[in-house]
Structures are given as C-alpha cells and as structure tokens.
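Notes to accompany the following structure.
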Amino acid sequence: MIDIGVNLTSSQFTGDEDTVVARARDAGVTGMILTGTDIESSREANSLAARYSGYAWSTAGVHPHDAKTVDDLALPAIRALAGKESVVAIGECGLDFNRDFSPRPQQEAVFEAHLALAVELQMPVFMHCRDAHERFMAIYRNYADNLPGAVLHCFTGSESELRDCLDAGVAIGITGWVCDERRGGELREVVRYIPDDRLLIETDAPYLIPRDLRPKPKSRRNEPCYLPHIAGTIAECRGQTWQHVVSVSLQNSRRIFCLPAA
Ligand SMILES: [Zn+2]
C-alpha cells in the first residue's frame, strides 16, 4: 500500500526520517509520496525522495497557507523541481478558507497557477481544500478536462461536495480523520460513496494521528506506519475487506501518479 500524503520534511521528523521509513516498511507500507508545501519543503521532499529512491516520490507546490510567499505566478522553482525524476505531482496546492493564513485572492491566484502548470507539464495535481468548496470547484473545473490526474487529499467534506468532486474526475484521499468517532462522523458515512477506482489512502503524517489506535501511542506524532490501521477503518466504513481497500488504492496510486509496479 502507498501512503500518498507524508509530510516527511516536517520538523517533527528531523533526524528521524530513516527510522520512520523503516517502521513504515515493516508495517507493510510499500511506498510513499512526500508532500511539498512550499518551495523549500518541495526541494527537501525531492532530496528525501532521492534518498529513498524506488520507495519514495514527492510533490512540488505551494500550500494555500504559504500562497502569500509566492511573488512570481510562473512558479519558476516549482517548474524546475517538476522536471526531477522523483517528482510525480504538482502540489500541494488549493484553497484554505478555514485558517485564511494567506489572503483569499492570493490563494486563488496561486492555486490557478499550479493548475495551469500541471496542464502545461501534463502532471497530476495534489490538492487541498478546506471550507472553500464552491471557489475550489469553480477554479478547478476550468482545468479539469486537460489534467492527466487530480487528487483531493485529506477529504473531509459532505456527501454533496464529494459528488461534485467525483463528477469532475477527482480522486479522493482519505486520512485517519475517518478514525475519529466525533469529528469524523460524517466522513465515516460518506466514504462508502467513493468508487473503488477513485479511492486513495494517506496518513498526512505527522498530523492527524488516528484517534482509535490501541494501545494509545505515547507520541501524538502520526507516522506512515499507521496506514494499515487507517485502511482497516476505511474498509469497515465501506463494508469491504481490508485487502480489497489496500489493493484498489494501490492500483489507483500507481495509475494516477504513474509509479512503477513493484
Ligand atoms: Zn492539506
């Protein structure tokens, strides 16, 4: 199984990357995509992917939180990184109107610039959307037909938002949010409406540690080694076997990100 969202460049993992990757391998995670969230972390993600060549790949992009740091919408640094062998998607990019860490017009301009770049380079996009569904879809739809692939990672929306995404050809990343009985209640219902060929699984480590891990880990830091657990909860919610969820999500990861078969 492939964890499509690992923030291995987070300071929470500094100096511990080899151990985290080894633990993931031991847990049965057969590959991971390292998320780039700004220019610096996209560079670091690329270097780490090269260190774990054949096991890890990376994305290159600027998260909406960091959209305010972009001063050239041609995205020269992202464009340069996109040519590297281990970079398999443009992103993380999108809109976040929950935290509003960057002004909304700037978020929208930077998101649009990423979509245009992905179309030009014919690469899939790795997207983020929080409390911005209408604007997100309006912008995404202008590029949808010309993108080779699109993933909305860490989906936490409603059923109607999910249907909009599916209608527009988006694949859906599900995190350990689904393991949270309280805050993940709606997602636990909605996750069954994702067709097999659109489902992707991820931890978004070090964030979003599954709340139902037993025994409760001492650290609050999420790790890719918990991906099999998340797959189990997703399987339960969908009324499928663990093996089925693992198998279809693996095929989807390979197809969308053009990863080599093991
Ligand atoms: Zn995100």
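First listed ligand is number 1; within each ligand, the first listed atom is number 1.
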Next item on the list: Kindly indicate whether a cation-pi arrangement holds for Arg163 with Tyr193, taking the cut-offs as under 6.0 Å to the six-membered ring centre and within 45° of the axis.
Entry: yes
Item checked: SB check Asp96 Arg130 (cutoff 4.0 Å) -> no
Check: Taking the six-membered ring of Trp57, is NZ or CZ of Arg51 closer than 6.0 Å to its centre and within 45° of its axis?
Finding: no
Next item on the list: Would you mind counting protein N, O or S atoms that sit less than 2.8 Å from the Zn ion (ligand 1)?
Entry: 3
Margin query: So for atom CD, which belongs to Gln122, do other residues, nucleotides or ligands contribute more than 12 heavy atoms lying within a distance under 6.0 Å?
Written below: yes
Note to self: Taking the six-membered ring for Trp, are Phe136 and Phe97 closer than 6.0 Å centroid to centroid?
What the structure shows: no
Next item on the list: Would you tell me whether His133 and Asp164 have side-chain atoms, one donor and one acceptor, within less than 3.5 Å of each other?
Entry: yes
